[in-house]
Amino acid sequence: MRLPEELLTERKKTAGAVPVLVVTAKTWAKVQASLSAAEVNWVKAHGFEPGSGRHLVVPDAEGGIARVLAGPRGNGPADPFDIGSLARALPAGLYRLEGEIPDARLAALGWCLESYRFFGKAAPLAALVCPEGVERREVLRAAEAVWMVRDLINTSAAELGPDELESAIRKVARKFGAKLRVVKGAALMRQFPLIHDVGKASPRSPRLIDFTWGPARARKVTLVGKGVCFDTGGLDIKPASGMALMKKDMGGAATVLGLAQMIMAAKLKVRLRVLVPAVENSIAGNAFRPGDVLKSRKGLTVEIGNTDAEGRLILADALALADEEAPDLLIDMATLTGAARVALGPDVPPFFTDDDRLAEDLASHARNENDPLWRLPLWRPYYRLFESTVADLNNSSDSGYAGSVTAALFLRRFVENAKTYVHFDIFGWTPSARAGRPRGGEAQGMRALFALIRQRYQ
């Protein structure tokens, strides 16, 4: 569903907007003094208090809405998106924010993100007047990208395979005049053998999607996204519970596409390249097997310890291609390991890099954008955990330890020339709804990364 731009209206269109007054324990006495006697009685009758996480619609004399009182949660650190949760709770109409708002930009973004719908008819909008001092176009650009990423992740695998993922990427590339090529068939087998081997058991052809945008002489920023449109686990088949959400296994591809859209829409001064290996990990007589030794684009051989560790295989070939032109910044994003969820839960994706300065900057942007991330180490002694006696390395470890770290180290073997490399192990999903984050697909890390890239290359 496309984001309606009227969801966040221009400030000149404030006529008739209902005030949403954000109240805290500090401002509550002053607010009460501004209310009429009837409004005070209404507030008391409904037991509204600041810091309760509740809101109260206060009627006017004609039965319309005079104002809305909103009390953000008072226990623990406030979520900047909390006010945005009103987008679903309030009747259709036009609203404006008043009172003490810690971050008006994130409040407006939270409003737009809370309004997202994937299934069902579009509901009448509770629209928001863009707060003073907030760049409306910037908020809409971020919200549009998040909506697109969510739509892609939420779409069932029956409706989104490698063909459809390619079509979605083509649409974005065409919109911004990017140059796109697709490698598949015999050419894929020759140039990207790991991508081919992972996807060859599916009737939906595997491929590498590659597009570039921006001046050739600008600094190179390359994004690589895992595009496994459905993952059965292969011959090491997943249980039903593990397969239930595997439509989201292309979440890395969706997220780098959203990030690319933000970069191109903002016209950042970079030479952007996006690489998406798109496959379906299926089961058939020609599926790759445990114990197989496969050759990669880079020339390294890989023993298959587990066919359910397929994401790192397709990323390895794509990263090897990306690394050949030594980009200034190389980023990959992938729904890669359950170990990352065990370590940090569904809300906080880990990232891995050798660049301490980038890690510090990224952590700062993650806080500023309300887009949480956490650095984990590329602990090189753990290379021993996926050694092989018949190949250069194994694609999985028997130890059961540090699964997210070993997956990151595996990918690191395929990057030598990039000036800075960072790997993200995202979940791409919100399991239970929170303010600004409906249950379903989610664009984790994307907004923090955009802020970092904009700061460095604007």
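Values reported hereafter were calculated over all heavy atoms of this structure, with side chains retained and with hydrogens, waters and symmetry mates removed. Predicted model, so just to flag it, every value in this text is computed and none were measured. In this chain, residues are counted from 1 in sequence order.
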Sequence neighbours excluded and cut-off under 3.5 Å, please list the side-chain donor-acceptor pairs for residues 448-458, or say none.
{"residue": "Gln455", "atom": "OE1", "partner": "His365", "partner atom": "NE2", "Å": "3.2"}
{"residue": "Arg456", "atom": "NH2", "partner": "Asp361", "partner atom": "OD2", "Å": "3.4"}

Looking at [Y], is its backbone amide N or carbonyl O close enough to the side chain of [X] to form a donor-acceptor pair, meaning the two atoms are under 3.5 Å apart?
X      : Y      : value
Arg437 : Ala435 : yes
Asp231 : Gly233 : yes
Arg273 : Lys220 : no
Asp323 : Asn417 : yes
Thr406 : Ala402 : yes
Ser397 : Leu385 : yes
Arg150 : Trp147 : no
Lys248 : Phe427 : yes
Gln191 : Arg297 : no
Arg219 : Val270 : no

Evaluation steps, side chain to side chain contact (heavy atoms under 4.5 Å, CB included), between Ser404 and Phe352
CA-CA 10 Å; Ser404 186; Phe352 301 80; 3.3 Å; yes

Heavy-atom side-chain proximity of [X] to [Y] below 4.5 angstrom:
X      : Y      : value
Val228 : Glu280 : no
Leu330 : Val415 : yes
Arg271 : Asp328 : no
Thr353 : Tyr421 : no
Phe288 : Asn281 : yes
Leu90  : His55  : yes
Asp151 : Phe118 : yes
Leu180 : Val182 : yes

For [X] and [Y], work out which heavy atoms get closest and say how close.
X      : Y      : value
Cys229 : Leu165 : SG-CD2, 4.0 Å
Gly199 : Pro206 : O-CD, 3.7 Å
Ala218 : Lys269 : CB-O, 4.1 Å
Met250 : Ile153 : SD-CA, 4.0 Å
Ala322 : Thr222 : CB-CG2, 3.7 Å
Gly225 : Leu315 : C-CD2, 4.1 Å

Find the distance between [atom1] ([X]) and [atom2] ([Y]) and round it off to the nearest 0.5 Å.
X      : Y      : atom1 : atom2 : value
Leu272 : Thr212 : CG    : OG1   : 8.5 Å
Asp197 : Thr307 : CG    : OG1   : 12.5 Å
Met446 : Leu257 : CE    : CG    : 9.5 Å
Lys247 : Leu152 : NZ    : CG    : 12.0 Å
Lys171 : Glu166 : NZ    : CD    : 15.0 Å
Asp236 : Lys238 : CG    : NZ    : 10.5 Å

Those residues at least two apart in sequence (or on a different chain) that pass side-chain contact (heavy atoms from CB on, under 4.5 Å) with Asn394 are Glu303, Phe386, Ser388, Ser396

Side-chain donor-acceptor distances from residues 137-146 under 3.5 Å, at least two apart:
{"residue": "Arg137", "atom": "NH1", "partner": "Glu5", "partner atom": "OE2", "Å": "3.0"}
{"residue": "Arg137", "atom": "NH2", "partner": "Glu144", "partner atom": "OE1", "Å": "3.2"}
{"residue": "Arg137", "atom": "NH2", "partner": "Glu144", "partner atom": "OE2", "Å": "3.0"}

Does anything in residues 152-163 form a side chain to side chain donor-acceptor pair (under 3.5 Å)? List the pairs, not counting sequence neighbours.
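Qualifying pairs, neighbours excluded: Tyr116-Asn154, Asp163-Arg207.
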
Take Thr337 and Asp425, measure what side chain to side chain donor-acceptor pair (under 3.5 Å) needs, and give me the verdict at the end.
CA-CA 7 Å; Thr337 71; Asp425 193 338; 2.6 Å; yes

Regarding [X] and [Y], does a basic nitrogen lie under 4.0 Å from an acidic carboxylate oxygen?
X      : Y      : result
Lys226 : Glu310 : yes
Asp332 : Arg312 : no
Asp354 : Arg380 : yes

For atom [atom1] of [X], is the number of surrounding heavy atoms from other residues, nucleotides or ligands below 6.0 Å larger than 12?
X      : atom1 : result
Asp398 : CG    : no
Tyr383 : OH    : yes
Arg357 : CZ    : no

List for me each residue that meets salt bridge (Lys or Arg N to Asp or Glu O under 4.0 Å) alongside Arg434, sequence neighbours excluded, and say none if there are none.
Asp347

For Trp28 and Phe48, I'd like to know if the aromatic rings sit close, meaning centre-to-centre distance below 6.0 Å.
yes

In terms of side-chain heavy atoms, does Asn395 have a donor or acceptor partner in Asn306 at a distance below 3.5 Å?
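There is no such pair (donor and acceptor under 3.5 Å, judged by atom type) between the side chains of Asn395 and Asn306.
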
For Asp317 and Ser296, test the side chains for any donor-to-acceptor distance below 3.5 angstrom and give the result as yes or no.
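No pair is found: no donor N or O on one side chain lies under 3.5 Å from an acceptor on the other.
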
What side-chain donor-acceptor pairs closer than 3.5 Å can you find for residues 102-114, not counting sequence neighbours?
{"residue": "Asp103", "atom": "OD1", "partner": "Arg105", "partner atom": "N", "Å": "3.2"}
{"residue": "Asp103", "atom": "OD1", "partner": "Leu106", "partner atom": "N", "Å": "3.1"}
{"residue": "Arg105", "atom": "NH1", "partner": "Glu369", "partner atom": "OE1", "Å": "3.0"}
{"residue": "Arg105", "atom": "NH2", "partner": "Asn368", "partner atom": "O", "Å": "3.4"}
{"residue": "Arg105", "atom": "NH2", "partner": "Glu369", "partner atom": "OE2", "Å": "3.2"}
{"residue": "Trp111", "atom": "NE1", "partner": "Ala126", "partner atom": "O", "Å": "2.7"}
{"residue": "Glu114", "atom": "OE1", "partner": "Gly436", "partner atom": "N", "Å": "2.6"}
{"residue": "Glu114", "atom": "OE2", "partner": "Arg88", "partner atom": "NE", "Å": "3.4"}

Going through the checks in order, is the side chain to side chain contact (heavy atoms under 4.5 Å, CB included) test met by Leu128 and Leu97?
CA-CA 8 Å; Leu128 182 69; Leu97 298 179; 3.8 Å; yes

Steps toward side chain to side chain contact (heavy atoms under 4.5 Å, CB included) verdict (Leu313, Ile304):
CA-CA 9 Å; Leu313 297 175; Ile304 303 304; 3.8 Å; yes

Check against side chain to side chain contact (heavy atoms under 4.5 Å, CB included), Glu387 and Leu393:
CA-CA 5 Å; Glu387 291 176 344; Leu393 63 168; over 6 Å; no

